[in-house]
Amino acid sequence: MTSSCKTVKREEFKNDDFRPAKISFSRKYLSVPYGLFLILFVVLPFLLILYYAFTSKTGNFSFENFVDFFSNPTSVSTLFISFIIAIITTGLCILIGYPVAYILSKMKAKKGFILLLLFIMPMWINFVLRAMAMKEVMTLLGIFAKSDAYNFINTVIGMVYDFLPFMILPLYSILIKQDKSLIEASYDLGATKAQTFRKVVLPLSLPGIVSGSTMVFLPSMSAYVISDTFGNGKITIIGKLIEEQFGTGANWNAGSAIAIILLIIMFACTFLCGGFNEESNARGTNI
């Protein structure tokens, strides 16, 4: 009798039902904090902006905010000025940034990295502090004029100063990864340095130009801190217009409509520049 009880106890002990269940952990759980952050700080604010943009002050559905924007000459001129400033800033950043990135890509890795770090280091400083410091430097050099005629030029200089690293980095990353054998093959086939640059180096660096242009053009339309600092408050861009509607104007409906218009413009520019293409196309493998 005793031996049978011991046998039963041993069988019960060996039974798998008494073993603790294994807890499986999936890597998808790691995305939960990011998903919550995305919902709380991206999706919900965007839905709130959509609500205010397509409603009137009484809360009724309306396109009045968009009609008022495009029927107001001041708003349209502000949008036009923002475009002009962004285009000029992007063009100057390409003219300055491309030679810099090209020279850095031809240097030895250690020297090139150190010089590239000098261009990146100002980005570690606060945005407003950089703008104020550059304004003081321009004032000390006597090139900062406070007249209305120079406010536009001062604003463009401030934009170029602040967004130039965003042009140099993507250009440098593309140029440093170019296949050197293609350049050597061009020389072997009798091409000059100018022809090699125009027909080999420049086409292969187009993805970097497009990426840098996108990173410079879009923020230049909304960086009103720079226009206020360098333009002495006389240059109004679309970002400043949005700030005024949410701040002193206290018209969230109009401000949300302008924000949606700016968002559509940014999506259109990104689409035209190929920002939504596949990664293989973005890197220029199909050129």
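Between S56 and E64, the shortest heavy-atom distance links the atoms CB-OE1, 4.2 Å. The two residues T229 and K135 make their nearest non-hydrogen contact at O-NZ, 3.4 Å. Closest approach of A259 and I49 over heavy atoms only: CB-CG2, 4.4 Å. Minimum heavy-atom separation, P170 to G212: CG-CA, 3.7 Å. Residues V76 and F70 come closest through the heavy atom pair CG2-O, 3.6 Å. For I237 against S222, the heavy-atom pair with the smallest separation is CD1-C, 3.9 Å.
With sequence neighbours left out, Y51 forms a ring-ring contact (aromatic ring centres under 6.0 Å, His included) with no residue at all. The side-chain hydrogen bond (donor to acceptor under 3.5 Å, both in side chains) test applied to S186 returns T196, not counting sequence neighbours. A search for salt bridge (Lys or Arg N to Asp or Glu O under 4.0 Å) contacts involving K240 returns D228, E243, not counting sequence neighbours. Applying the ring-ring contact (aromatic ring centres under 6.0 Å, His included) test to F127 and every residue at least two apart in sequence or in another chain returns nothing. Residues that satisfy the ring-ring contact (aromatic ring centres under 6.0 Å, His included) test with F152, not counting sequence neighbours, are absent from this structure. When the salt bridge (Lys or Arg N to Asp or Glu O under 4.0 Å) test is applied to K57, no partner is found at least two apart in sequence or on another chain.
Through side-chain heavy atoms spaced under 4.5 Å, either directly or across other Ile, Leu, Val, Met, Phe, Trp or Tyr residues, V42 is tied to Y34, L38. Grouped with L36 in one hydrophobic cluster are V32, the linkage being side-chain heavy-atom contacts under 4.5 Å among Ile, Leu, Val, Met, Phe, Trp and Tyr residues.
Taking CD1 of I174 as the start and CG of L206 as the end, the distance is 10.0 Å to the nearest 0.5 Å. For the atom pair I153 CD1 and F230 CZ, the distance stands at 14.0 Å (nearest 0.5 Å). Summarising the geometry, atom OG1 belonging to T89 is positioned 11.0 Å from atom CD1 belonging to I94; distances are rounded to the nearest 0.5 Å. The NZ atom of K106 sits 8.5 Å away from atom CD1 of I176, with the distance rounded to the nearest 0.5 Å. The distance from the CD atom of Q178 to the OG atom of S105 is 7.5 Å, given to the nearest 0.5 Å. Taking CZ of F69 as the reference point, atom CD1 of I260 lies at 12.5 Å (rounded to 0.5 Å).
A donor and an acceptor atom, one from each side chain of N60 and S62, are nowhere located under 3.5 Å apart.
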Hey, mind stepping through Y98 and S205 against side chain to side chain donor-acceptor pair (under 3.5 Å) and telling me if it holds? CA-CA 10 Å; Y98 197 100; S205 62; 2.7 Å; yes
Apply side-chain contact (heavy atoms from CB on, under 4.5 Å) to residues Y224 and I242 and explain how you reach the verdict. CA-CA 10 Å; Y224 66 90; I242 296 174; over 6 Å; no
Take N65 and N253 through the test side chain to side chain donor-acceptor pair (under 3.5 Å) and record every step on the way to the result. CA-CA 7 Å; N65 301 311; N253 303 89; 5.3 Å; no
So I209 and S213, side-chain contact (heavy atoms from CB on, under 4.5 Å) or not? Walk me through it. CA-CA 6 Å; I209 296 176; S213 299; 4.0 Å; yes
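In the hydrophobic cluster analysis, where Ile, Leu, Val, Met, Phe, Trp and Tyr join through side-chain heavy atoms closer than 4.5 angstrom, L140 is grouped apart from V137. Residues L182 and V201 share a single hydrophobic cluster, defined by chaining ILVMFWY side chains whose heavy atoms lie under 4.5 Å apart. Under the 4.5 Å side-chain heavy-atom criterion for ILVMFWY residues, no single connected hydrophobic cluster contains both W124 and L129. Linking ILVMFWY residues whenever their side-chain heavy atoms come closer than 4.5 Å, directly or via other members, leaves I125 and I168 in distinct clusters. Cluster membership check: V128 shares its hydrophobic cluster with I226, using side-chain heavy-atom separations under 4.5 Å among Ile, Leu, Val, Met, Phe, Trp and Tyr.
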For residues 78-86, run the donor-acceptor check on the side chains, cut-off 3.5 Å, and write out each pair with its distance to 0.1 Å, sequence neighbours left out.
residue, atom, partner, partner atom, Å
T78, OG1, T74, O, 2.8
S82, OG, T78, O, 2.8
S82, OG, I238, N, 2.8

Let me check something: any side-chain donor-acceptor pairs from residues 158-167 under 3.5 Å, sequence neighbours excluded? List them with distances.
residue, atom, partner, partner atom, Å
D162, OD1, R130, NE, 3.3
D162, OD1, R130, NH2, 2.7
D162, OD2, R130, NH2, 3.3

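Using the six-membered ring where Trp is involved, F61 and F54 have ring planes that are parallel, under 30° apart on the 30 and 60° scheme. In this pair, W252 and F246 present their aromatic rings tilted. The plane angle is within the 30 to 60° band.
With hydrogens and angles ignored, the 3.5 Å screen pairs no side-chain donor or acceptor of S211 with any backbone N or O of G208. When atom types are taken as modelled, the side chain of D179 and the backbone of S181 share a donor-acceptor pair closer than 3.5 angstrom.
Screening residues 172-193 for ring-ring contact (aromatic ring centres under 6.0 Å, His included), with sequence neighbours left out, gives no hits. Each salt bridge (Lys or Arg N to Asp or Glu O under 4.0 Å) pair with one or both residues in residues 29-40, not counting sequence neighbours, would appear here, but there are none.
Using a 4.5 Å heavy-atom cutoff, the side chains of L92 and I157 are not in contact.
By the 6.0 Å contact criterion, CZ on F197 is enclosed, its count of non-hydrogen atoms from other residues, nucleotides or ligands being greater than 12. Around the NZ atom of K180, the shell of radius 6.0 Å holds more than 12 heavy atoms that belong to other residues, nucleotides or ligands.
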